[in-house]
Amino acid sequence: MFKHDKALLHEVKVDGPNPAYAAMMQEQLGGPHGELKAALQYLSQSFRIKDPQIKDLFLDIASEELSHMEMVATTINLLNGHVLDAKNATIGNIQAHVSTGLTPALTSASGQYWTAAYIEETGDLAADILSNISAEQRAKVVYEYLYRQIPDKGVRQTIDFLLNREEAHNTMFREAFNRIQDTGSLRDWGITQDSKLYFNLSTPGDQFFNANNPNPASFNAPNGGSPAN
């Protein structure tokens, strides 16, 4: 069951209309690394999760991502203003001026429609969590790019909040990954000699990384915290 609270997760404001930048923000609404993708990916993955705590984590973050999507859409709405002006719109934002009446559409900054092909789900918890860590990291990078290209203080405050929430989600998914060692696709990690070989195929070059490592990847908590067990 889902409920909608009319209050935004975090206040959204802009210094003034900026249709060109509104088109850029579309990337985090309907792009391949945007908020809708994250929300539906984590929701879809949660349907097969048996661990109640990890299932709750996926559902909680998915719900928050929908709140982020609402914030991004509100920002785009404010940036679009109230004047239809297709002749001065950027390529990715013409649709807002000719077919949606400035309503934020589920498209990327290039005007590409959102697609379920963005969603990654395997049914294997380790693979899905690693996909989610990657998704959060990519979303963070996009927000960093967006932040650097706008002087609008209101927009920057919104992006700063969203960017830091992506980092929080990243940390929680890493914690979850540490809890599932020796399960699923991690159970038989490195059982043959083939898994411990490094092929040095760069000439000239040397072997700088060790494949003969009996331990799977581990993520430590930030700020000097202890890794999850």
Side-chain angles (χ1 to χ4, degrees), residues 1-5 8-10 12 24-76 92 104-147 158-159 161-181 183-186 216-217 219 221-222 228:
M1 178 177 69
F2 292 92
K3 294 182 179 180
H4 179 258
D5 190 325
L8 292 175
L9 182 64
H10 187 273
V12 169
M24 294 169 62
M25 281 294 289
Q26 286 281 158
E27 190 66 24
Q28 289 299 74
L29 181 64
H33 311 306
E35 302 293 358
L36 177 60
K37 172 260 174 68
L40 293 186
Q41 177 162 304
Y42 308 155
L43 178 63
S44 298
Q45 292 169 346
S46 75
F47 295 146
R48 288 285 293 177
I49 296 176
K50 296 180 176 60
D51 183 302
Q53 293 183 354
I54 295 180
K55 187 182 184 73
D56 276 356
L57 175 67
F58 277 53
L59 288 169
D60 286 342
I61 296 180
S63 298
E64 185 181 341
E65 298 290 11
L66 287 174
S67 299
H68 292 183
M69 178 185 168
E70 185 178 30
M71 290 177 61
V72 170
T74 302
T75 302
I76 293 170
L106 300 181
T107 65
S108 70
S110 300
Q112 183 72 37
Y113 281 111
W114 189 89
T115 169
Y118 297 151
I119 303 299
E120 295 178 316
E121 52 183 350
T122 66
D124 179 81
L125 199 47
D128 285 348
I129 289 177
L130 287 174
S131 292
N132 297 350
I133 291 171
S134 175
E136 294 293 335
Q137 197 71 22
R138 287 192 176 101
K140 183 183 173 187
V141 169
V142 175
Y143 276 128
E144 287 175 351
Y145 291 157
L146 287 167
Y147 187 92
T158 296
I159 293 176
F161 172 81
L162 293 170
L163 192 155
N164 280 281
R165 290 308 301 158
E166 304 298 349
E167 185 62 34
H169 297 168
N170 197 327
T171 300
M172 288 184 277
F173 279 131
R174 288 170 182 256
E175 217 180 305
F177 186 81
N178 285 342
R179 296 189 184 187
I180 61 167
Q181 302 307 314
T183 67
S185 61
L186 296 176
F219 303 105

Is it true that the side chains of N132 and E120 contain a donor and an acceptor less than 3.5 Å apart? no
Criterion side-chain contact (heavy atoms from CB on, under 4.5 Å) on Q137 and H33, from CA distance to verdict: CA-CA 9 Å; Q137 197 71 22; H33 311 306; over 6 Å; no
With distance as the sole test, does E35 use its side chain to make a donor-acceptor pair with the main-chain N or O of G31 at under 3.5 Å? no
Between L162 and V72, is a side-chain contact (heavy atoms from CB on, under 4.5 Å) present by the stated rule, with each step listed? CA-CA 9 Å; L162 293 170; V72 170; 3.9 Å; yes
For a side-chain contact (heavy atoms from CB on, under 4.5 Å) check, start with the C-alpha distance between L57 and Q53, then their side-chain angles and the critical distance, and finish with the verdict. CA-CA 6 Å; L57 175 67; Q53 293 183 354; over 6 Å; no
Which distance, rounded to the nearest 0.5 Å, do you find between the CD1 of I54 and the CD1 of I129? 5.0 Å
So which of E167, E166, R174 actually passes side chain to side chain donor-acceptor pair (under 3.5 Å) with N170? R174
Considering only NZ, NE, NH1 and NH2 on the basic side and carboxylate oxygens on the acidic side, decide whether E175 and R179 come within less than 4.0 Å. yes
Between Y113 and Y118, what is the shortest heavy-atom contact and its length? O-OH, 3.9 Å
Contacts of L36 meeting side chain to side chain contact (heavy atoms under 4.5 Å, CB included) (sequence neighbours excluded), chain-then-number -> L40, M69, L106, W114
So H169 and H68, would you call those rings parallel, tilted or perpendicular, with 30° and 60° as cut-offs? parallel
Establish, yes or no, whether a centroid distance under 6.0 Å links the rings of F58 and F47. no
Work out which heavy atom in E27 is nearest to a heavy atom in S108; give both atom names and the distance. OE1-CB, 3.4 Å
